[in-house]
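First up is the structure itself, then whatever we jot down about it.
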There are 2 protein chains.
Amino acid sequence: MADRILLVEDEPSLYEALKLNLEIEGYNVTVAVDGEQAIEKFKSSHFQLIILDVMIPKIDGYVVCETIRLENSQVPIMFLSARNSAEDKINGLKTGADDYMSKPFNLEEFLLRVSLLVKRGHALTDTGTEDLNSFEFGGNKVDFSSFEISTWDGEVKSLSKREMKLLKLLIEKRGKVVSREEILQKIWGYDVFPSTRTIDNYILAYRKYFEENQRQPKYFFSVRGVGYKFEADSE
Amino acid sequence: MADRILLVEDEPSLYEALKLNLEIEGYNVTVAVDGEQAIEKFKSSHFQLIILDVMIPKIDGYVVCETIRLENSQVPIMFLSARNSAEDKINGLKTGADDYMSKPFNLEEFLLRVSLLVKRGHALTDTGTEDLNSFEFGGNKVDFSSFEISTWDGEVKSLSKREMKLLKLLIEKRGKVVSREEILQKIWGYDVFPSTRTIDNYILAYRKYFEENQRQPKYFFSVRGVGYKFEADSE
DNA sequence: TTGAAACTGTCATTATTCTGTAATTAATCA
DNA sequence: TGATTAATTACAGAATAATGACAGTTTCAA
């Protein structure tokens, strides 16, 4: 079965050239021309690799990358960027990319890196990578791939999609306050805006699951007027 | 336990700086100053990552890389090179490297790539690809080669191709939620998209075959908004 | 042509998510 | 310190969207 690649690039001459060459290599290529499309296509289908230009309309590449990582931590992501600066690369790698190429790039090198990443993806999903997607704090454990949690008092529960996604966001940003706006954007998207009560409900739920004393949280803090913060006890 | 890195580099000022920085990051670093030493040390010990300068005395980097790959080793290898030419990179990646950096490079980027590669190595070496011919859970047994199943209540049935393929996917990923998109892509391919009801039907069928109580499944769980998960009771 | 397998549509059934309101708590300022 | 204001907590339904169940239709291969 052909491997599928999502190519996110707004400049027609470039994406057509890349698409053509990738197809010659035997990949099945889907193109998205802006960040919104990218997220939409990512959600509606499954890919073995995502190639992501940083500078794209509507939602920039970094944010697209973060959004994707909230749902799926496995797909390899390759960044493309017009600039060759170290900060850009570092930024990209930190937001969860697996590789980075600066434009203009050599086609053969590009194709080689693509095939490495696709192969890696296979290796990862074949062997089952435990532990990369779970997180522990206190006596609690969150398993992102099975959507299950086990808590300090020995209970095992399964969380819903939203619960998991928001929890993941908080854990990834642990130690930092995440604003309500950011939460709304990252979890609910850019057009849907549920009432702000809704977020509280999720925090409430987390405290019920994980805190020994709900009224005096040790992990899930609210910061008045700003947002919420998750903090793990020890590292 | 600290991850071990084999650093192959002949220039003292460079390898000392890198060694120091890697050690600060918590790695255990072994240095080799030429190709011969590199191969020797590689053979006598196990590393999570090999960092390989191309231009080193006695045996050059490419050859060292090929030699290591001949041992059928999965260790991630990162090339360092003084030149930034595309041919060099291509050459390196073709001989089996996983990443490539040109000197002079940004230290932070270097350390980030190192940590990515080390993590990847862990994921790869975790479990060898299992290749199953049959699988048992509860009182049920699935035989993938004969397409037959026998169930807890003593029945023997044979499954259709699709049924088996999807069942195998779920079992291979047991314990993890498999998204509908992934199922569609892996079982049906990228051009055919049956209605999402279809997948439910297969799950339904599995529950009929294997579950004692269809309404309270013990093995085939659905995770709303995400996909399905198979879980075997004991291991 | 026949039968098994695969797919689709519909409606019933739930799990999940959202909203409104009241109670509580924290922050600010006189 | 106490009064005032603003934000958060806490529930309990209500609304929504996803899945379960099944019957009927199509497809494909023998």
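Numbered from 1 within each chain, the chains take letters A, B, ... in sequence-line order.
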query = Looking at the side chain of B:Thr198, which of D:dT19, C:dC7, C:dT17 is the nearest nucleotide?
reply = C:dC7
inquiry  = Let me spell it out: for each of A:Lys208 and A:Gly227, pick the nucleotide of DNA chain D with the closest heavy atom. Which residue's pick is nearer the 5' end?
reply    = A:Gly227
key: Ring-ring centroid check A:Tyr62 A:Phe79, cutoff 6.0 Å   = yes
inquiry  = Rounded to whole Å, please give me the gap between CD1 in A:Ile183 and C1' in C:dT17.
reply    = 16 Å
query = Within this structure, what is the CD1-to-C1' distance between A:Ile199 and D:dA10, rounded to whole angstrom?
reply = 16 Å
request  = Compute the ring centroids of A:Phe137 and A:Phe230, then answer whether they are less than 6.0 Å apart.
outcome  = yes
Under-3.5 Å donor-acceptor pair between A:Arg162 side chain and C:dT16 base = no
inquiry  = Please pick, from D:dT19, D:dT9, D:dA10, the nucleotide with the shortest atom-to-atom distance to any side-chain atom of B:Tyr228.
reply    = D:dT19
message = From CD of A:Glu211 over to P of D:dA10, roughly how many Å is that when rounded to an integer?
response = 11 Å
request  = Give a yes or no answer on whether the side chain of A:Glu211 reaches the backbone of A:Gln216 with a donor-acceptor pair at less than 3.5 Å.
outcome  = no
Closest listed nucleotide, where the reference is the side chain of B:Ser160 and the choices are C:dT17, C:dA5, C:dA27 = C:dA5
request  = Between B:Ser158 and A:Ser158, name the one whose nearest nucleotide on DNA chain C is closer to the 5' end.
outcome  = B:Ser158
task = Could you check how far CD1 of A:Ile187 sits from P of C:dT16, rounded to whole Å?
result = 17 Å
ask   = Within less than 4.0 Å of OP1 or OP2 of D:dT19, is there a side-chain N or O belonging to B:Thr196?
value = no
Residues A:Tyr209 and A:Glu163: side-chain donor-acceptor under 3.5 angstrom = yes
Side-chain N or O of B:Ser195 closer than 4.0 Å to phosphate OP1/OP2 of C:dG9 = no
ask   = To the side chain of B:Arg224, which of C:dA15, D:dG20, D:dA6 is closest?
value = C:dA15
Base D:dT9 to side chain A:Arg215, donor-acceptor N/O within 3.5 Å cut-off = no
A:Trp188 side chain near C:dC18 phosphate (N/O to OP1/OP2, under 4.0 Å) = yes
Value in whole Å for how far the C1' atom of C:dT24 lies from CD1 of A:Ile203 = 18 Å
request  = Grab the CD-C1' distance between A:Gln214 and D:dA10 for me, whole Å please.
outcome  = 9 Å
ask   = Any side-chain heavy atom of B:Glu148 within less than 4.5 Å of one from B:Val156?
value = yes
note = note: B:Lys161, atom NZ; D:dT27, atom P; distance rounded to Å ~ 18 Å
Minimum-distance nucleotide to A:Leu204 side chain [options: D:dT9, C:dT14, C:dT17] = D:dT9
ask   = Can you tell me how far C1' of C:dA5 sits from NZ of B:Lys157, to the nearest Å?
value = 15 Å
Polar side-chain contact B:Asn201-C:dT8 base: donor and acceptor under 3.5 Å = yes
ask   = So, for B:Phe220 and B:Tyr206, is the gap between ring centers shorter than 6.0 Å?
value = yes
inquiry  = Tell me whether the side-chain N/O atoms of B:Ser222 come closer than 4.0 Å to OP1 or OP2 in D:dG20.
reply    = yes
message = If you compare every side-chain N and O of B:Tyr202 against the phosphate oxygens of C:dC7 (OP1, OP2), does one of them come in below 4.0 Å?
response = yes
